[in-house]
Participant: 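Got a structure for you, written out below as C-alpha cells; questions coming shortly.
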Amino acid sequence: MTTRKPLVGGNWKMHTLRDEARALAEGVVSRASEMEGVEVVCFVPYVWTCDVAEIATGSSVACGVQDVSERGQGAYTGEVSCDMALDAGATWALAGHSERRHVIGESDELVGAKTASALRAGLCCCLCVGELLEEREAGTTDEVNRRQLRAGLEGLGRDEISRLAIAYEPVWAIGTGRTATPEDAQAAHEAIRAELREMYDDAVASSTRIVYGGSVKPSNAAELFAMADIDGGLIGGASLDVESFVSIGRAAHEAVAQESVGG
Ligand code: PGA
C-alpha cells in the first residue's frame with residue numbers, strides 16, 4: 001500500500017434478493033466510518049442499483065455495476081448501457097471480470113470496448129485481468145495480464161484513464177479459497193504497473209490503483225494490503241457478509257495508517 005487511496009470493492013455477483021441487497025448496503029453504509037480513507041464500492045446486480053445507490057447517498061460508499069454494454073442505446077434486448085447505469089446512481093463499473101471472460105465468453109476485444117464505453121460515459125471503471133491455472137503453471141501469468149491489459153485499454157489515451165482501476169484476479173484463486181501468496185500477487189501487480197508505465201508514463205503507472213482479488217478474507221487481507229503495489233481488493237464471497245467485508249475494508253484503512261506512521 002502506498003499513497004494511492006486504497007480501493008475495496010464488494011462484487012456481489014448474482015447474489016441477493018432485494019431485501020438482502022438493501023440490508024447488506026445498509027450494513028456497509030452504517031459502518032463506513034471504520035473504513036475511513038478507503039474508497040468503498042459495492043458492485044451490485046443491475047436490478048438493485050437504484051436501491052443501493054439511494055441507500056449510499058450522502059455516504060462515502062459508492063454503488064457500481066458488474067458489467068456494462070459497450071453500446072449506447074438501441075435495439076439490444078437485455079443489455080444495460082453506461083448511461084442507464086449512471087442514471088440509476090452507479091458511479092463505477094467492472095469490466096472483464098473472469099466470470100464474464102471465461103463463463104459468459106467475453107473476448108479481450110469486447111472487454112476493451114466495454115472499458116472504453118464505461119470510461120467515456122463518465123463511470124469509474126475497474127478492468128479485471130488474470131491468468132487461468134494452466135497459464136500460471138505454464139509460466140505465462142505476466143504475458144496473459146499484459147495481453148488483457150493492452151486489449152482492455154486499446155485506444156484509450158492517458159487523459160481518458162484517470163477514472164481507471166485495475167483488478168488482478170488470478171482465476172484459480174476466485175471463489176476457491178486458494179489465495180495467491182502476497183509475494184506472488186505483488187510480483188504480478190509490479191509487472192502490471194510496469195506495463196502501464198510502458199503503455200503510458202510514470203505518472204499513470206504510479207497513480208493507477210491495482211487491487212487484488214481472489215479469496216480475500218479478513219484473515220489474509222492485511223498481509224496482501226501490506227505489499228507495495230497492492231492498493232486494495234476486489235472481494236467476492238466475503239463481501240456478502242457485512243462483518244467480513246468491513247473488516248477487510250478496515251485492513252485497507254490500517255495499511256494506510258501504518259504507511260503514514262512508517263513514512
Ligand atoms: P472471491 O471472488 O473473493 O469469492 O474469490 C473475487 C471476485 O470474483 O471478484
Side-chain angles (χ1 to χ4, degrees), residues 6-16 20-21 24 27-28 35 38-46 48 52 61-68 90 92-106 111 114-115 118 123-133 135-136 141 144-145 148-149 152 164-182 184-185 188-189 192 209-225 227 230-252:
L7 171 65
V8 172
N11 176 8
W12 296 4
K13 309 194 179 184
M14 198 168 73
H15 292 292
T16 65
E20 295 162 332
L24 187 49
V28 172
M35 303 179 275
V38 178
E39 188 160 4
V40 177
V41 187
C42 294
F43 291 96
V44 308
Y46 281 137
W48 314 139
V52 172
V61 177
C63 177
V65 290
Q66 300 167 13
D67 184 37
V68 281
W92 276 85
L94 295 178
H97 186 276
S98 79
E99 286 144 22
R100 304 239 27 116
R101 292 178 189 269
H102 300 296
V103 182
I104 315 283
E106 293 188 358
V111 172
K114 289 184 174 200
T115 306
L123 286 159
C124 301
C125 183
C126 181
L127 168 65
C128 308
V129 301
E131 82 286 3
L132 296 163
L133 182 59
E135 293 167 332
R136 167 154 292 254
T141 297
V144 170
N145 287 340
Q148 293 182 349
L149 197 64
L164 171 79
I166 308 287
Y168 167 61
E169 300 200 296
V171 181
W172 48 271
I174 296 178
T176 58
R178 252 184 98 180
T179 319
T181 64
D184 282 347
H189 282 229
I192 290 169
R209 271 107 31 109
I210 307 175
V211 304
Y212 170 81
S215 299
V216 178
K217 304 180 274 272
S219 58
N220 60 23
E223 59 183 18
L224 288 160
F225 299 164
M227 305 310 283
I230 301 185
D231 305 315
L234 184 58
I235 322 301
S239 72
L240 297 172
D241 175 68
V242 174
E243 192 58 50
S244 299
F245 185 64
V246 170
S247 72
I248 293 168
R250 237 181 3 235

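From a predicted model like this one, the values you see are computed outputs, not experimental measurements. We count ligands from 1, going down the list as the structure has it; atoms in each ligand are counted the same way.
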Participant: Measure the distance from atom 7 (C) of ligand 1 to every protein heavy atom, then report the residue, atom name and distance (to 0.1 Å) of the closest one.
Facilitator: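 For atom 7 (C) of ligand 1, the nearest protein heavy atom is E169 OE2, 3.1 Å.
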Participant: Side chain or backbone, does T176 bring an N or O within less than 3.5 Å of an N or O on ligand 1?
Facilitator: no
Participant: Report the part of A173 (side chain from C-beta onward, or backbone N, CA, C, O) that has a heavy atom under 4.0 Å from ligand 1; answer both or neither where that applies.
Facilitator: backbone
Participant: For ligand 1, which atoms, with element, lie under 4.0 Å from some heavy atom of G214?
Facilitator: 5 (O)
Participant: Which one holds for I174 and ligand 1: side chain close, backbone close, both close, or neither close, with close meaning a heavy atom under 4.0 Å?
Facilitator: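 Both parts.
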Participant: How long is the span from the OG1 atom in T179 to the CG atom in D184, to the nearest 0.5 Å?
Facilitator: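 So the OG1 of T179 and the CG of D184 are separated by 11.5 Å.
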Participant: Only one of L234, D67, L127 passes side chain to side chain contact (heavy atoms under 4.5 Å, CB included) with L94; say which it is.
Facilitator: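 When side chain to side chain contact (heavy atoms under 4.5 Å, CB included) is applied between L94 and each of L234, D67, L127, only L234 qualifies.
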Participant: Just jot down the side-chain hydrogen bond (donor to acceptor under 3.5 Å, both in side chains) partners of N145, sequence neighbours excluded, or say none.
Facilitator: none
Participant: Suppose I only count heavy atoms of S215 and a 4.0 Å limit; which atoms of ligand 1 are within that range?
Facilitator: 1 (P), 3 (O), 5 (O)
Participant: About how many Å separate CZ of R100 and CD of E106, when rounded to the nearest 0.5 Å?
Facilitator: 4.5 Å
Participant: Tell me which protein heavy atom sits closest to atom 4 (O) of ligand 1, plus the residue, atom name and distance to 0.1 Å.
Facilitator: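 Looking at atom 4 (O) of ligand 1, the protein heavy atom closest to it is G237 N, 2.8 Å.
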Participant: Look at atom 5 (O) of ligand 1 and find which of G213, G236, G175 reaches it with the closest heavy atom.
Facilitator: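 When every heavy atom of G213, G236, G175 is considered, G175 comes closest to atom 5 (O) of ligand 1.
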Participant: Scan residues 214-224 for pairs that pass salt bridge (Lys or Arg N to Asp or Glu O under 4.0 Å), counting only residues two or more places apart or in two chains.
Facilitator: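 Found none.
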Participant: Does the side chain of W12 pick up a donor-acceptor pair with the side chain of Q66 at under 3.5 Å?
Facilitator: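 Result is no, nothing qualifies.
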Participant: Numbering the atoms of ligand 1 from 1, which are under 4.0 Å from a heavy atom of H97?
Facilitator: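 Listed by number with element, the hits are 7 (C), 8 (O), 9 (O).
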Participant: Could you tell me if the side chain of F225 sits less than 4.5 Å from the side chain of D231, heavy atoms only?
Facilitator: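 Of all side-chain heavy-atom pairs linking F225 with D231, none is under 4.5 Å.
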